[in-house]
Amino acid sequence: MHRWVVLVLAFMLCAHAADDWKGLWFPNTPEALPLEGVGKVKDMESNALPKEAETNQKGTLTRIAMGIENPDCDDAKHDLAIDFDPYNITHSTVYMCLEPKADYKGDYNMDAIITEHNVPSAYVANHRCMNNSIEYVPTQRWLHNSEHGAVIALYHPCANKQQVDELKRIVKECLYRHVITPSQLPNKDRPFALVTWHATLEFSVLEKTIVENFIEKYALKGPEQTHRNGQYDHLLLDPAKVVSTEDDSDLCALGGSKKKKLGKLGPVVEKKVIPVETDTTRLVSYVCGSNILKQGEDVKIQPDSEYPEWLWTMHVGAPLTLDEMDPNTKAYWRKLRRMALQRNNKLAKLKKF
């Protein structure tokens, strides 16, 4: 009896969430999906699960398992072109700019738009087999990636190429879980879009701060948190690379609100402030700061008699000119040779008549 009360309460919560949510179900309402904490639900005539759903011994439908190689459902080898066939011209238009590019140049006066959907926790996206076309999402089947917390970067094929390249760079440097693809979904006013499980960002002209802030706020919010790659890599051009960790523990580690300063050769090393010695006894007894090792101490100053005679005759001023040097020394002839090489190099650069 207690178990039935729990199930009824769970169903009531599920139905209440459906009433509150004004978004779109993809494609089913919660009544046909596993209730949260239950995992299985009986088939309902009004909104049944797909035919490919597995059935247990009691005839109860269960969700299609992910990542299990099954030639009858999905083995990443068969039916790969059902949603996108590169040899089908009607499919290939997603990569083509069929309109004037000037119409998609963007407008700096047009604000970016963020749209949020409060997706109820009861909602679960159905897993579909590859032999069934999905009509309610774009052909690239990236909905499952967003369910795992990924960010989907879309750009219209007519969008500015430099901004497209910059968008790719920003997203790749922000997180491991991402998909970047051209799409006919963005419009002329806003030819760029970022899509997560429950939010979208549409913008006309790329602004790095807006993109990074959106990723930091809305990425990794899907109901399933996993970075595990599947076997599907049909027409994949560039596999994603780990930025911080596989779990994306530090979003936009090279930019955004948590940006780290970069120099020409990488992260700028924090300068260490070396304390200034003020002890007069040490100043006259040691060469302060001469010890570069983790252990030991600075070089101790010895009496003058302990140092070689040539040390006191060393020239420590400005470099001597050739006329000031002794012709009987090696230093004189080395300097003379260096000056001759410099003169020959200058003569070689002169124009020949």
Query raised in the report: Can you list the residues that meet the salt bridge (Lys or Arg N to Asp or Glu O under 4.0 Å) rule with D298, with sequence neighbours excluded?
Result: R282
Query raised in the report: Is there a donor-acceptor pair under 3.5 Å between the side chain of T181 and the backbone N or O of L154?
Result: no
Query raised in the report: What distance separates R334 CZ from M339 CE, expressed to the nearest 0.5 Å?
Result: 15.0 Å
**Report entry** P100 and D103, any side-chain heavy atoms less than 4.5 Å apart
**Finding:** yes
Query - Same cluster (ILVMFWY, side-chain, under 4.5 Å), V205 and V164 - result: no
Query raised in the report: Are V287 and M314 connected in the hydrophobic side-chain network, where two residues link if heavy atoms are under 4.5 Å apart?
Result: yes
**Report entry** Distance in Å, D248 CG paired with C174 SG, rounded so as to fall on 0.5 Å steps
**Finding:** 9.5 Å
Report task. Using a cut-off of 6.0 Å, state whether more than 12 heavy atoms not belonging to K241 lie near its atom NZ. Result -> yes
Report summary line: Test side-chain contact (heavy atoms from CB on, under 4.5 Å), reference Y332, set D326, L320, L322, output is L322
Query raised in the report: How about K221 and T196: do any of their side-chain heavy atoms sit closer than 4.5 Å?
Result: no
Requested in this report: Indicate yes or no: does D238 engage K168 in a salt bridge with an N to O separation below 4.0 Å.
Outcome: no
Report task. Kindly give the heavy-atom pair with the smallest separation between C97 and P157, and that separation in Å. Result -> CB-O, 3.7 Å
Requested in this report: Of all the heavy-atom pairs spanning Y176 and T245, show the shortest one and how long it is.
Outcome: CB-O, 4.3 Å
**Report entry** Least distance between heavy atoms, Y155 atom then I180 atom
**Finding:** CE2-CG2, 4.0 Å
Query raised in the report: Partners of D189 by salt bridge (Lys or Arg N to Asp or Glu O under 4.0 Å), sequence neighbours excluded?
Result: none
Query - Atom CD of E166: over 12 foreign heavy atoms under 6.0 Å - result: yes
Query raised in the report: Quick one: CG on D250 to CG on L175, what's the gap to the nearest 0.5 Å?
Result: 11.0 Å
Query raised in the report: Got a donor-acceptor contact below 3.5 angstrom from the S146 side chain to the A150 backbone?
Result: no
Query raised in the report: Do the side chains of E147 and P223 get nearer than 4.5 Å, heavy atoms only?
Result: yes
**Report entry** Residue pair M96 / P182, side-chain heavy-atom distance below 4.5 Å
**Finding:** no
Report task. For residues V299 and S290, report the shortest heavy-atom separation together with the two atoms involved. Result -> N-OG, 2.9 Å
Report task. Could you check L206 against I170 for side chain to side chain contact (heavy atoms under 4.5 Å, CB included), going step by step and ending with a plain yes or no? Result -> CA-CA 10 Å; L206 177 64; I170 294 173; 4.2 Å; yes
Query raised in the report: Would you say D107's side chain and N109's backbone share a donor-acceptor pair under 3.5 angstrom?
Result: yes
Query - Taking every non-hydrogen atom, the tightest pair across S204 and P191 - result: O-CD, 3.7 Å
Query - Centroid-centroid under 6.0 Å between F203 and F192 rings - result: yes
Report task. Measure the spacing between OG1 of T200 and CZ of F214 and express it to the nearest 0.5 Å. Result -> 6.5 Å
**Report entry** Test item: I215 and L194 side chains (from C-beta on) under 4.5 Å apart, heavy atoms
**Finding:** yes
Query raised in the report: Would D304 and W312 count as a side chain to side chain contact (heavy atoms under 4.5 Å, CB included) if you check the C-alpha gap in whole Å, the side-chain angles of each, and the deciding distance to 0.1 Å?
Result: CA-CA 9 Å; D304 291 352; W312 310 111; 3.7 Å; yes
Query raised in the report: Any side-chain heavy atom of H148 within less than 4.5 Å of one from H144?
Result: yes
Report summary line: For Q163 and Y108, the nearest pair of non-hydrogen atoms, with its separation, is NE2-OH, 4.4 Å
Query raised in the report: Does a side-chain N-to-carboxylate-O contact under 4.0 Å join R169 and D165?
Result: no
**Report entry** M110 with L201, same ILVMFWY side-chain cluster at under 4.5 Å
**Finding:** no
Report task. Determine, step by step, whether Q184 and H156 satisfy the side chain to side chain donor-acceptor pair (under 3.5 Å) criterion, reporting the C-alpha distance in whole Å, the side-chain angles of both residues, the deciding distance to 0.1 Å, and the verdict. Result -> CA-CA 6 Å; Q184 296 288 342; H156 195 279; 3.2 Å; yes
Query raised in the report: Step by step, would you call Q162 with N160 a side chain to side chain contact (heavy atoms under 4.5 Å, CB included)?
Result: CA-CA 6 Å; Q162 290 183 336; N160 181 279; 3.3 Å; yes
Requested in this report: Check whether any side-chain N or O of E324 sits under 3.5 Å from a backbone N or O of T321 as a donor-acceptor pair, and report yes or no.
Outcome: yes
**Report entry** Test item: R190 side-chain N/O and D111 main-chain N/O as donor-acceptor pair under 3.5 Å
**Finding:** yes
Query raised in the report: Got a second to check how far Q342's CD is from L347's CG, nearest 0.5 Å?
Result: 12.0 Å
Query raised in the report: Would V171 end up clustered with V242 when hydrophobic side chains under 4.5 Å apart are linked, directly or stepwise?
Result: no
Query raised in the report: Under 4.5 Å between any side-chain heavy atoms of H117 and T115, yes or no?
Result: yes
Query raised in the report: Do E99 and K188 meet the salt-bridge criterion of a basic N to acidic O distance under 4.0 Å?
Result: yes
Report task. For residues L283 and D279, determine if any side-chain heavy atom of one lies less than 4.5 Å from a side-chain heavy atom of the other. Result -> no
Query raised in the report: Between the side chain of W333 and the main-chain N/O of P327, is any donor-acceptor distance below 3.5 Å?
Result: yes
Requested in this report: Give the cluster check for V211 versus Y104: same hydrophobic cluster or not, with ILVMFWY residues linked at side-chain heavy-atom distances below 4.5 Å.
Outcome: no
Query raised in the report: Between CG of L167 and NZ of K172, what distance do you get to the nearest 0.5 Å?
Result: 10.5 Å
